[in-house]
Amino acid sequence: MFRALLLSSLCLMLISIVGCQHSADNNCCDSRLSALGAKTLLSWEVPKKNGEKDDKKHSNGDSENGNEPENDVIATDRPDFTEASSTVGRNRIQLESGYTYSRNREAGVQNQHSYPEALFRIGMFADWFEWRIAQNYSSTHMPGAVSQGPEDLYVGVKLALTEQKEYMPESALIIQATVPTGSDNTTTGKTLPGMNYLFGWDITDKISMGGSIQGNAAVTDSGHSYLELAQSLTVGYAFTEKLGSYMEVFGIEPFSGNAPDIGPYYFFDGGFTYKFTPNFQYDIRAGVGLNKQSDDFFVGAGFAVRF
């Protein structure tokens, strides 16, 4: 199942990234987009139905009178594994943070605490560009041993590729890496680059669906490098304008012979979000492992605030 989802997402990624680059010949994308004024880098060109009128909104999402869109509310990368397929927008700063507790009986009894899971998302240059920097501290308790300290620093950029247009998804691409700044107990000792392709649909006013496909460099305890793939699929439901929920499946799998004893890991999780204001959201989540190598369960809570 995981490999099938992986293949389908690869196809979708190729359609949106490679296919839209041929706009000059195939009119796949709107060539009138301004690089700095547009909300996304690309635009789907979907054949209009008979009698259908052009959208009255500009490509940056604002109405013609220059006001903010009516649905301008915070969209977060947490609490699910699948990150948002949108950027925060130019001149916006968003902080997301939380705590997670996980338990795994595979190696005796292993308890892990993860905090503050701090992610800064900074909109720069244009609505489609987002700078990202994250820092976390982990504490792992095993029988007779404790491993704790700050983890390697995460840096990246998110590029908004397309807005949703009918059946074509909203999509984004994250180019990311971790750099070896962590403690001796937690650092990988190497710079590990990766990419994350995100896609999503608003199916109705209440139901949404999204997913991601990642490829990241990783390293074993013995120092051997390998490629790690990750795939996720999430479904969201909005009970009200403020209260939302989600259910998700995701998997992480090594794609190399250098890591025969690592993974794969499969999980199911779900949670709730509550928007106290358009710029502040609180979340809770819980999940379980679906195979022996995975954590038995994890629970967490967090928040996000937008400036």
Side-chain angles (χ1 to χ4, degrees), residues 37-41 43 55-98 117-132 134 158-166 168-174 196 198-212 232 234-248 269-285 300-307:
K39 187 175 180 180
T40 59
L41 282 170
S43 177
D55 193 348
K56 294 183 180 180
K57 290 188 177 181
H58 296 301
S59 59
N60 63 1
D62 294 343
S63 60
E64 289 186 340
N65 60 15
N67 295 328
E68 291 289 329
E70 294 182 0
N71 62 344
D72 181 32
V73 295
I74 189 170
T76 63
D77 281 355
R78 59 172 302 115
D80 52 355
F81 181 85
T82 308
E83 294 165 312
S85 53
S86 60
T87 51
V88 293
R90 183 173 52 179
N91 299 328
R92 287 284 198 181
I93 298 176
Q94 190 162 302
L95 168 63
E96 304 183 15
S97 183
E117 300 175 348
L119 170 64
F120 282 95
R121 303 172 59 190
I122 305 168
M124 302 171 63
F125 311 129
D127 283 337
W128 49 262
F129 186 93
E130 173 185 304
W131 168 252
R132 302 160 61 80
K158 181 189 284 190
L159 307 175
L161 298 180
T162 61
E163 293 185 273
Q164 180 181 345
K165 196 165 187 180
E166 296 186 13
M168 305 305 291
E170 178 182 74
S171 63
L173 179 68
I174 300 177
N196 186 3
L198 306 157
F199 51 93
W201 297 266
D202 288 329
I203 299 174
T204 69
D205 291 340
K206 292 185 175 293
I207 301 174
S208 61
M209 185 173 68
S212 68
S232 67
T234 183
V235 177
Y237 183 82
F239 294 98
T240 68
E241 291 184 356
K242 293 187 174 183
L243 179 63
S245 65
Y246 78 93
M247 291 188 297
E248 175 187 52
D269 67 310
F272 296 90
T273 61
Y274 189 84
K275 293 180 176 64
F276 287 93
T277 73
N279 295 314
F280 181 79
Q281 176 180 285
Y282 178 77
D283 64 71
I284 57 174
R285 63 176 179 144
F303 71 91
V305 57
R306 184 177 64 166
F307 303 96

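Numbers here simply count residues along the sequence, with the first being 1. The figures that follow rest on heavy atoms only: side chains count, while hydrogens, waters and symmetry mates do not.
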Nearest 0.5 angstrom please: M209 CE to F199 CZ, how far? 8.0 Å
Atom CZ in R92, atom CZ in F307: separation rounded to 0.5 Å? 11.0 Å
Donor-acceptor list for residues 269-277 side chains, cut-off 3.5 Å, not counting sequence neighbours:
unit_1 : atom_1 : unit_2 : atom_2 : d
D269   : OD2    : Y246   : OH     : 2.9
K275   : NZ     : Q281   : OE1    : 3.2
T277   : OG1    : N279   : N      : 3.1
T277   : OG1    : F280   : N      : 3.1

Counterpart residues, side chain to side chain donor-acceptor pair (under 3.5 Å), relative to S85 (two or more places apart): E170
Contact list for residues 73-85, test salt bridge (Lys or Arg N to Asp or Glu O under 4.0 Å), sequence neighbours left out: D77-R121, D77-R132, D77-K158, R78-E117, R78-D283, E83-R132
So, for [X] and [Y], which heavy atoms are closest and what is the spacing to 0.1 Å?
X    : Y    : result
A118 : L95  : CB-CD1, 4.5 Å
L198 : A84  : CD1-O, 3.2 Å
S232 : T82  : OG-OG1, 2.6 Å
N196 : S212 : OD1-CB, 3.6 Å
R306 : D72  : NH1-OD1, 3.2 Å
T76  : A304 : CG2-CB, 3.5 Å

Check: I74 and Q94 side chains under 4.5 Å, non-hydrogen atoms: yes
Show me the side-chain donor-acceptor pairs of residues 236-245 shorter than 3.5 Å, one per line, residues at least two apart or across chains.
unit_1 : atom_1 : unit_2 : atom_2 : d
T240   : OG1    : K242   : N      : 3.2
T240   : OG1    : L243   : N      : 3.0
S245   : OG     : Y237   : O      : 3.2

Is a side-chain N or O of D127 found less than 3.5 angstrom from the main chain of G89, in a donor-acceptor match? no
[X]: partners by side-chain contact (heavy atoms from CB on, under 4.5 Å), with sequence neighbours left out:
X    : answer
A75  : S86
D202 : Q164, S208
M124 : I122, F129, W131

Sorted by chain and residue number, the ring pair (Phe, Tyr, Trp, His ring centres under 6.0 Å) partners of F303 (sequence neighbours excluded) come out as none
